[in-house]
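Computed from a prediction, not measured in an experiment: that's the story for all the values here. The chains referred to below are lettered A, B, ... by the order of the sequence lines, with proteins before strands, and numbering in each begins at 1.
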There are 4 protein chains.
Amino acid sequence: MSEIETIQAYYAASLGKDGQITKTQQRILAAALALFAEKSYEEVGTREIADRAGVAEGTLFHNFVNKNGILDAIMQPIMQNILPTMLNTLDQAVLDGDSQTLDAFIVALVTDRVAFAERNQESLAVILSQFFNNEKDRAAVMGMVSPEILAQANVVMDRLKTAGELVDWPNRMILQLLFSTLGGYLVEKVLYPDLNQLDTKQTVRYLSDFLVNGLSPRRMPLHVD
Amino acid sequence: MSEIETIQAYYAASLGKDGQITKTQQRILAAALALFAEKSYEEVGTREIADRAGVAEGTLFHNFVNKNGILDAIMQPIMQNILPTMLNTLDQAVLDGDSQTLDAFIVALVTDRVAFAERNQESLAVILSQFFNNEKDRAAVMGMVSPEILAQANVVMDRLKTAGELVDWPNRMILQLLFSTLGGYLVEKVLYPDLNQLDTKQTVRYLSDFLVNGLSPRRMPLHVD
Amino acid sequence: MSEIETIQAYYAASLGKDGQITKTQQRILAAALALFAEKSYEEVGTREIADRAGVAEGTLFHNFVNKNGILDAIMQPIMQNILPTMLNTLDQAVLDGDSQTLDAFIVALVTDRVAFAERNQESLAVILSQFFNNEKDRAAVMGMVSPEILAQANVVMDRLKTAGELVDWPNRMILQLLFSTLGGYLVEKVLYPDLNQLDTKQTVRYLSDFLVNGLSPRRMPLHVD
Amino acid sequence: MSEIETIQAYYAASLGKDGQITKTQQRILAAALALFAEKSYEEVGTREIADRAGVAEGTLFHNFVNKNGILDAIMQPIMQNILPTMLNTLDQAVLDGDSQTLDAFIVALVTDRVAFAERNQESLAVILSQFFNNEKDRAAVMGMVSPEILAQANVVMDRLKTAGELVDWPNRMILQLLFSTLGGYLVEKVLYPDLNQLDTKQTVRYLSDFLVNGLSPRRMPLHVD
DNA sequence: TATGAATGAGATTTCATTCAT
DNA sequence: GATGAATGAAATCTCATTCAT
């Protein structure tokens with residue numbers, strides 16, 4: 001699992017010699033993740049985390065610099081995965097395959113991200129919550145979108161446009177629509193996991209279909225006055 | 001203005017004799033709104049609100065039951081507007097006009113909601129933040145979607161489907177896609193007001209076009225294996 | 001009393017409108033001073049201070065930024081008095097009088113500082129303790145010796161040397177000896193107030209006599225091999 | 001070496017079989033001494049000591065009963081040396097030599113103590129700091145002045161007075177002036193080792209000269225009204 | 001009505017010390 | 001003997017709320 005590797009890389013300082021997350025750290029992170037997802041970061045106390053993790057309060061601070069350090073340890077690995085992977089997929093789909101079609105690209109993207117969301121519901125709930133709460137975390141999330149990645153994304157979109165596969169709108173708008181559609185799915189998944197009656201395959205089909213049709217070049221533009 | 005009426009209804013007890021919001025209350029609400037939008041409810045202290053409003057801390061508690069009461073006074077009016085209006089629009093667009101087309105409906109909806117978002121950026125930022133942070137506020141938002149409104153929405157969508165104007169997907173999925181697209185716009189608008197380079201008219205055009213194309217009935221379905 | 005004025009000037013921010021230290025602040029400072037003098041800053045808890053002052057713990061932080069802010073409020077006024085006053089005395093004694101003698105100067109200086117120590121035993125105990133404990137407070141004390149004051153002191157000493165009233169040693173050494181003699185008195189006074197059997201007048205006489213004889217120009221130098 | 005013997009006596013239990021201080025103990029003491037001199041006992045944590053010493057935190061407690069035990073191990077040897085030696089010197093100077101002069105006595109005393117201070121700067125800084133901070137350590141230091149030693153000192157001073165070599169003041173005052181002058185030197189040496197521009201020989205000369213002149217019998221007393 | 005000093009429960013964090021390995 | 005993860009008591013500080021003026 002790439003996420004676990006990422007955590008290891010990021011928190012090497014506080015990990016055991018062999019580069020493993022310790023049992024205690026796992027228990028703390030698991031307890032905190034569950035609580036942060038249930039309530040919110042601010043509403044969860046360190047005492048509560050320690051209790052749920054079955055360790056002493058001091059142990060939290062032996063293993064993480066801060067209460068905030070625990071939050072970071074939960075968010076960082078996901079944040080370092082979500083966007084890079086997204087754009088990687090995008091890259092692969094277009095460069096590798098013979099079929100340089102919007103179809104292929106979008107299906108690949110949606111499939112991947114939907115699977116990702118399903119695997120990481122709790123962490124994503126925490127990240128979502130922080131994203132909307134805190135200018136700094138928001139900046140951190142946006143900071144993941146490095147200029148290189150953006151440039152890469154632009155290249156891909158420009159190619160698809162040239163190939164007549166993508167509607168000729170500003171790239172930023174296209175990205176926004178892409179994110180919106182995936183994000184909307186994510187939000188429902190994360191906040192109301194129980195409501196979800198459609199299976200994954202079907203969901204991927206709808207989202208992809210919606211995006212492909214929404215972003216294909218137009219035969220005749222809509223008129224708004 | 002429905003907002004003012006709502007606040008009045010909610011805080012009738014503490015309003016001036018003439019049933020108006022007092023100057024002091026206005027200053028407190030304005031200060032709190034600005035601060036809650038900048039940071040988050042939890043990160044803003046009552047001291048800070050009082051300072052920004054230019055009143056004493058105690059004055060907050062003469063005018064509102066609670067710190068939470070201030071938040072409520074900010075959220076309530078918007079929450080009682082946003083969804084009802086949305087569905088109203090939907091209703092009007094379809095029932096009133098001769099042109100019972102997806103075009104007409106979506107353009108009307110998008111135009112209205114985009115204008116609404118532009119007028120209420122700060123309040124929406126607060127609501128967004130609370131929505132993702134606080135189970136109860138989330139429930140409150142979702143509670144606005146009363147069964148009747150949902151039923152109404154379903155009627156509209158079914159009609160459009162029958163008229164061959166709307167793709168034949170589950171209504172919940174269609175609603176999700178609608179919300180996603182509008183919500184994505186909202187999020188960008190609200191969190192990154194400075195980034196926005198497209199003017200409103202153009203934005204409405206793109207969003208509408210995207211939705212119409214994405215939700216029109218298919219000639220040939222996309223194949224996913 | 002110039003000390004009280006100084007406190008007011010320095011802590012104007014946290015004082016009442018009329019520039020007075022409030023009753024509460026007085027009680028907190030008195031309690032803290034007594035405790036810091038008894039034990040040491042580190043060994044005294046905020047709970048303890050609050051209890052002794054008869055206020056709630058939170059009240060401390062309502063009136064002072066910090067636990068350290070309380071310490072500052074105790075130390076600063078003394079620190080802003082002790083050295084300036086010392087050198088002022090020195091200045092007046094030499095410049096004003098006709099008798100520009102070492103006698104006059106030293107008697108004035110010793111008299112003044114001994115009286116000062118007697119009035120401010122507790123505060124001086126706290127400052128002494130901090131001076132030896134903490135690089136920063138030490139720097140703060142030394143920071144009081146502004147270049148101008150030092151220059152002034154040098155002028156005075158040079159004049160006395162020229163007048164054949166002062167031994168021709170490096171000024172720094174002379175200052176050190178002056179401080180040592182006064183400081184030694186201070187330490188005994190502050191740490192063992194009960195031991196003191198000599199009255200103030202007598203003490204001034206001994207210290208002055210010792211200094212005058214020790215710092216008068218030599219007839220025949222001592223030989224050390 | 002009397003210091004090592006003292007540590008051995010005090011920590012006999014935790015010493016190696018051969019009664020020697022172990023390498024580990026040396027490293028811990030060295031690290032702690034440096035840190036206590038830099039900051040203060042209270043401000044230095046056991047973690048910090050362990051880090052600087054290059055051992056585990058637990059190791060501290062295998063070698064010393066306490067954090068306080070480390071401090072004791074640093075202070076005890078000096079404390080058992082400083083006063084006894086001082087008074088020993090005093091004794092020798094007067095009893096042994098033919099020249100029972102104040103000169104001889106003071107030069108011997110100053111020379112010895114200045115050399116001592118130069119050798120033990122760091123430890124003395126720690127002791128100074130503790131002396132002013134901690135009632136118990138202060139008592140311990142003063143406890144070193146046993147009645148016998150005091151009696152001995154009084155004998156010496158009385159002899160010098162009888163010989164017309166020492167001013168006829170109360171012995172306690174004379175002792176205080178002696179301590180002040182040496183202490184003032186010590187403080188400067190210990191707190192501002194870098195400021196010191198005079199060499200040791202010169203310093204001894206000044207201090208001795210100052211003391212001899214200050215404490216010689218007067219021809220005509222100073223008049224203070 | 002408005003004030004702002006006072007409150008005290010509760011939050012996070014530190015740190016000397018223990019103990020299983 | 002050495003380790004270092006775990007401990008938990010205690011310390012400092014925050015903050016919504018109350019209440020006398």
From the set [options], return the single nucleotide nearest to any side-chain atom of [X].
X: Phe61(A); options: dT13(E), dT7(F), dA16(E); answer: dT13(E)
X: Glu57(A); options: dG8(E), dT17(F), dT12(E); answer: dT12(E)
X: Ala56(C); options: dG8(E), dT3(E), dT13(E); answer: dG8(E)

| query | Touch check for Gly45(C), heavy atoms < 4.0 angstrom, all strands: base, sugar-phosphate only, or nothing? | reply |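 The answer is sugar-phosphate, as Gly45(C) gets under 4.0 Å only of primed atoms, P, OP1 or OP2.
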| message | Over all strands shown, is Val65(C) touching base, sugar-phosphate only, or nothing at heavy-atom distances under 4.0 angstrom? | response |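 Touches nothing.
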Is the shortest side-chain N/O distance from [X] to OP1 or OP2 of [N] below 4.0 Å?
X: Thr59(C); N: dA5(E); answer: no
X: Asn63(C); N: dA6(E); answer: yes
X: Thr24(C); N: dA5(E); answer: no
X: Asn68(C); N: dT12(F); answer: no

| message | Here's a test of your reading of the structure: between Arg47(A) and Gly58(C), which maps to the more 5' nucleotide of DNA chain E? | response |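 The residue closer to the strand's 5' end, by nearest nucleotide, is Gly58(C).
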For [Y], does its backbone N or O pair with a side-chain atom of [X] as donor and acceptor, under 3.5 Å?
X: Tyr41(B); Y: Asn68(B); value: yes
X: Gln25(A); Y: Thr22(A); value: yes
X: Arg27(A); Y: Gly54(A); value: yes
X: Lys67(C); Y: Leu60(C); value: no

With side chains defined as the heavy atoms from C-beta onward, is the minimum distance between [X] and [Y] less than 4.5 Å?
X: His62(B); Y: Thr24(B); answer: no
X: Gln130(C); Y: Arg138(C); answer: no
X: Ile21(C); Y: Leu29(C); answer: yes

Nearest-Å distance for atom pair [atom1]/[atom2], residues [X] and [N]:
X: Tyr41(D); N: dC15(E); atom1: OH; atom2: P; answer: 13 Å
X: Glu42(A); N: dT14(F); atom1: CD; atom2: P; answer: 15 Å
X: Ile49(B); N: dT17(F); atom1: CD1; atom2: C1'; answer: 13 Å
X: Glu43(B); N: dA16(F); atom1: CD; atom2: C1'; answer: 17 Å
X: Asp51(D); N: dA2(F); atom1: CG; atom2: P; answer: 17 Å
X: Leu60(D); N: dC19(E); atom1: CG; atom2: P; answer: 17 Å
X: Asn66(D); N: dA16(E); atom1: CG; atom2: C1'; answer: 9 Å
X: His62(A); N: dT3(F); atom1: NE2; atom2: C1'; answer: 11 Å

| Which dot-bracket string fits DNA chain E when only Watson-Crick or G-U wobble pairs with both atom distances under 3.5 Å count, crossing pairs get [ ], and | stands for a partner on a different strand? | .||||||||||||||||||||
| query | Roughly how far, to the nearest 0.5 Å, is the CD1 atom of Ile74(B) from the OG atom of Ser123(B)? | reply |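 Answer for the OG-CD1 pair, Ser123(B) versus Ile74(B), is 7.0 Å.
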